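Notes for the one structure printed next.
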Amino acid sequence: MSLEFDRSWMWHPDFTEDRTDTAGLFVHFRKDLTISIAIPASLVIRITADTRYKLYVNSQRVAFGPVKGDQSLWFYDDIDIVPFIHPGRNRIAVHVLRLFHATTFAPSFVRTPFGGVRITVPGEDGYWKSQLESNTMWETAIDPSTTLRIDEPEDHFLHIYEKTSRPRSETSSLDWKPAMLREFKNSTGNILPWSLSPRLLPFHKITKTQCSTVHNVESCLAPLQWEMALTDRGNAETGLLLPAGTKHKVDVEMSTHITAFLRIHFKRPKMNDGVLRVVYSECYEDKPESTPWVRKKEGRRDSSKALYGPQDIYQFQGADATEEVFMPFHFRTFRFLNIQIDTGSEDLVLLGLDIETVNYPLETLASFKVEPWTFSEVHLWQQLWSTSLRTLSNCMHDCYEDCPFYEQLQYAMDARSSSLFTYSISGDDRLARQAIMQLHNTFQPQIGLTASRAPTHRLQFIPHFSLYWICMIGDHLTYFGDIQFVSRFLPVIDAVLSYFHSRIDVHGLVTAEVRPGIWNFVDWTSQWKPHGVPPAIERTGISTFTNQLYAYTLFIAAQVLAATGRTSIAEEYRRRGQEVNEAVKVHCYDGEFFADTLATEAKPVDYSLHCQVWAVLSGAVTGPEAQDTLRKGLQKKKTGQFVEESVSMSFYTLRAMSLAGAELYDENFHQFWSPWQDQLSQNVTTWVEDNVSKRSDCHAWGSVPLYEFTAEVAGIRPGESGWAVVQFRPRLGLFRELEATVPLKMTGGTSTGVVHVSWSVVDGETKIHLQADLTGLDSIPVDIVLPGQKTRILLGTNGFQWVIPLESVKRYGA
């Protein structure tokens, strides 16, 4: 490769983006090679593409990628192809999705102005390099039949849904041409459009699954025949015969909400006038008030209602091959499918349905099992746990996703919660590290903020989300103690905090920036429709929540700066936080509650539970005052006098109750989960986005139980940065019995250990057992906080036991 120019990217010579009927196009690459030499033990190719690729070797899918990146971090994959090649003739094929650059479509996928595929063979200079690397010996063809739909009313973010059609007069063959090599100057300080980086994440986990049943069959064939055909490939040889000139509709149900690759197999017809439509849906529902934003959902399995969602449209191609397969490029998200088939002018044979779930390979090391004081609740807690695990997993792929069905975007607020939930159940920080880096790379000096989400083709700015990003860095330091990692973000941390500091007014409060291009989102509540912004912000320019979150973040940032040796800046941050808290108490506190804005300007609608919660979290009130503020605020919420927090913000309500102390957390614990119980009663299998719009049925910020059950109930959390000391503070009064496993951190993808906690009530005593299984250590220091005692022990495999008199444990939920 020349040092003067980079010629490692190849592309189709006639590709153009001058089309307005699609969000992008598919491009095929192929290379035939006849292997007549010995195949090495390992043969790694390094591959990436702009925008996405699938790699096939001898018709077998080998890999798909790259991980979503941006210009600052464009990822590549190293793939060993030896298991897939053999002596003699072989075919390497790459299927590329290129999303057009000069559009606002598909904001979930970053792309540069240049489409391309890059294949290199690292460490090779001979035969394999000449055979496999990007060069003009590769052939390429543009798919003329498939477009990416931009007319789908359900789809404002992904634009991955396909329409495949071909006029009868067209031939079925692709127009193959020699690939062209792109040339980029690579010297005198010039950089490539892509800053290449090795993949930071493990490859996805792929698991075969099947649908569970079918509903609402409209067909000349019996429902049982459809169920057999779609749930069992055992009849693949004969298939399900769909007579010519017939139309069929069938709803397919999965046992749970999934993200999956989909393939529907048919015997290839000779004619091409048949049409297949596949609608992807999260649930049965009434007709939406607004598509896709406001939904009307109740029982998710009520098949008397309808399935709504985006759809693929596939016209059968018809050719001489024996099988025709409908196989969308990107994974699909669904719990239900509505399959519609118009056979056209000849018989059509359905051979079967293949579904492969695809997710980040989350290794769940945590477990949680309890016996409540009230045995009628015994199944609830396991449902809360398992549903939370499934929701989090479905929102983890190339990045943390807010919702896999609609957006697949990594927002800072969502990612902070999701990363904490991940730490709690696996100790895995790889997705979180990448998220922190990607959000950091969106910093815009002219604004002073990081973007609300990354990676993305459309930048968006929510000032509060820049603060949540800083909180993510503080969380990472707490759980992993990686000072070198967090240190790289200090300049942008300071710049973001300076944005807020520069907006301090004569009251000592941060003023809101109210203008186009800034979204002052706080929470999804019915009173703050349509955009989740308290009305007082635009009316007065002062948001109490903003000031409280800013102060809270200043104290977290001070801990990060102190850990990195920047003690004077850390002290400055603490002083700023104290000054903001004092200003909030003077100007936003009416003597009993914190208003959403200046107390002198507040109307009855300007009071929310949020500002009572964040008064505690920011440290504006502490001790008995904090407990009183929260108790009264929670009561006001129950009577409807205060704006209620959403599922996402409930995580912070719990943090405030825990921080306030006394018995506030335990007193409210059992009834706190009513919104989650309501969802379960409606047959959800993943947690909804919010109870206002009910848009998404899978949103990971609802997986709050994962953190609560491990860190608060079992009581295992970092006592010092990086788990140098473990804190054990169990809430013994919440359950009669408990068995839990809580992971420590992972290092390089390997767990450093887990802590096992159990207790049970026997003969009027609570017997507690604590044990650790560690990697590379004999023991770990643990700070014990139990009724009537505080001590430090060294915990190992032998474990410790305590016996607590039952009368010293106050029971809750009994």
Side-chain angles (χ1 to χ4, degrees), residues 145 149 152 154 161-168 172 209-255 260 262-287 299-328 332 334-355:
S145 61
R149 297 186 58 207
E152 171 56 74
E154 289 277 357
Y161 299 98
E162 301 173 18
K163 181 178 182 180
T164 300
S165 58
R166 176 173 293 156
R168 187 179 304 219
S172 59
T209 189
Q210 290 182 332
C211 67
S212 58
T213 190
V214 299
H215 305 282
N216 299 333
V217 175
E218 298 179 26
S219 171
C220 58
L221 304 178
L224 181 60
Q225 290 178 275
W226 281 99
E227 186 166 326
M228 290 294 294
L230 295 172
T231 61
D232 185 0
R233 289 293 307 279
N235 63 347
E237 288 188 8
T238 57
L240 184 65
L241 176 63
L242 310 178
T246 59
K247 296 182 179 181
H248 311 264
K249 289 184 181 181
V250 58
D251 294 346
V252 177
E253 180 180 358
M254 308 303 298
S255 58
L262 187 71
R263 291 189 297 273
I264 305 180
H265 299 254
F266 299 87
K267 285 186 179 178
R268 187 182 291 274
K270 294 180 180 178
M271 306 298 291
N272 63 355
D273 56 350
V275 177
L276 166 71
R277 292 175 181 264
V278 181
V279 178
Y280 306 93
S281 184
E282 294 190 298
C283 66
Y284 285 101
E285 57 185 300
D286 292 314
K287 185 177 180 180
R300 299 314 199 258
R301 299 186 68 240
D302 184 355
S303 59
S304 67
K305 298 184 178 181
L307 297 177
Y308 295 92
Q311 62 178 289
D312 289 312
I313 305 170
Y314 182 83
Q315 180 178 338
F316 290 93
Q317 302 297 280
D320 295 331
T322 58
E323 188 173 274
E324 184 157 349
V325 182
F326 164 73
M327 182 173 61
R332 299 296 189 247
F334 57 94
R335 186 176 174 190
F336 296 90
L337 301 172
N338 172 250
I339 298 177
Q340 306 171 27
I341 302 175
D342 183 343
T343 63
S345 59
E346 66 173 308
D347 292 349
L348 188 65
V349 178
L350 170 65
L351 297 178
L353 170 64
D354 286 343
I355 302 172

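This chain uses plain numbering: 1 for the first residue, then up along the sequence. All of these numbers come straight from a predicted model, not from anything done at the bench.
For Asp342 and Arg277, the salt-bridge test fails: no basic side-chain N is under 4.0 Å from an acidic carboxylate O.
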Worksheet entry | Leu221 vs Leu240, side-chain contact (heavy atoms from CB on, under 4.5 Å): CA-CA, chis, key distance, verdict | CA-CA 9 Å; Leu221 304 178; Leu240 184 65; 3.7 Å; yes
Discussion item. For a side-chain contact (heavy atoms from CB on, under 4.5 Å) check, start with the C-alpha distance between Phe334 and Met254, then their side-chain angles and the critical distance, and finish with the verdict.
Written reply: CA-CA 8 Å; Phe334 57 94; Met254 308 303 298; 3.6 Å; yes
Fill in: Working for side-chain contact (heavy atoms from CB on, under 4.5 Å), residues Thr322 and Lys267
CA-CA 6 Å; Thr322 58; Lys267 285 186 179 178; over 6 Å; no
Fill in: Pair Phe266-Leu276, side-chain contact (heavy atoms from CB on, under 4.5 Å): steps then yes or no
CA-CA 11 Å; Phe266 299 87; Leu276 166 71; 4.1 Å; yes
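Considering CD1 of Ile341 and OG of Ser219, their distance stands at 8.5 Å, rounded to 0.5 Å. The CD atom of Gln225 sits 11.5 Å away from the CG atom of Leu230 when rounded to the nearest 0.5 Å. Taken to the nearest 0.5 Å, the CG atom of Leu353 stands 6.0 Å off from the SG atom of Cys211.
Among Asn216, Val279, Val217, Ile339, the one residue that satisfies the side chain to side chain contact (heavy atoms under 4.5 Å, CB included) test with Asp251 is Asn216. Among the candidates Tyr280, Tyr161, Tyr308, the single residue satisfying the side chain to side chain contact (heavy atoms under 4.5 Å, CB included) test with Glu154 is Tyr308.
Between the side chains of Glu323 and His265, at least one donor-acceptor pair of N or O atoms lies under 3.5 Å. A side-chain donor-acceptor contact under 3.5 Å links His215 and Glu253.
Counting heavy atoms from C-beta on, the side chains of Val250 and Glu227 never come closer than 4.5 Å. Using a 4.5 Å cut-off on side-chain heavy atoms (C-beta onward), Val252 and Thr231 make no contact.
Side-chain N or O atoms of Gln317 include one that pairs as donor or acceptor with a backbone N or O of Gln315 at under 3.5 Å. For the pair Thr343 (side chain) and Pro243 (backbone), a donor-acceptor distance under 3.5 Å is present. Between the side chain of Thr246 and the main chain of Leu242, no donor-acceptor pair closer than 3.5 Å is present.
Residue Lys305 places its NZ atom among more than 12 non-hydrogen atoms of other residues, nucleotides or ligands, all under 6.0 Å distant.
For Tyr314, the ring-ring contact (aromatic ring centres under 6.0 Å, His included) criterion is met by Phe316, Phe326, not counting sequence neighbours.
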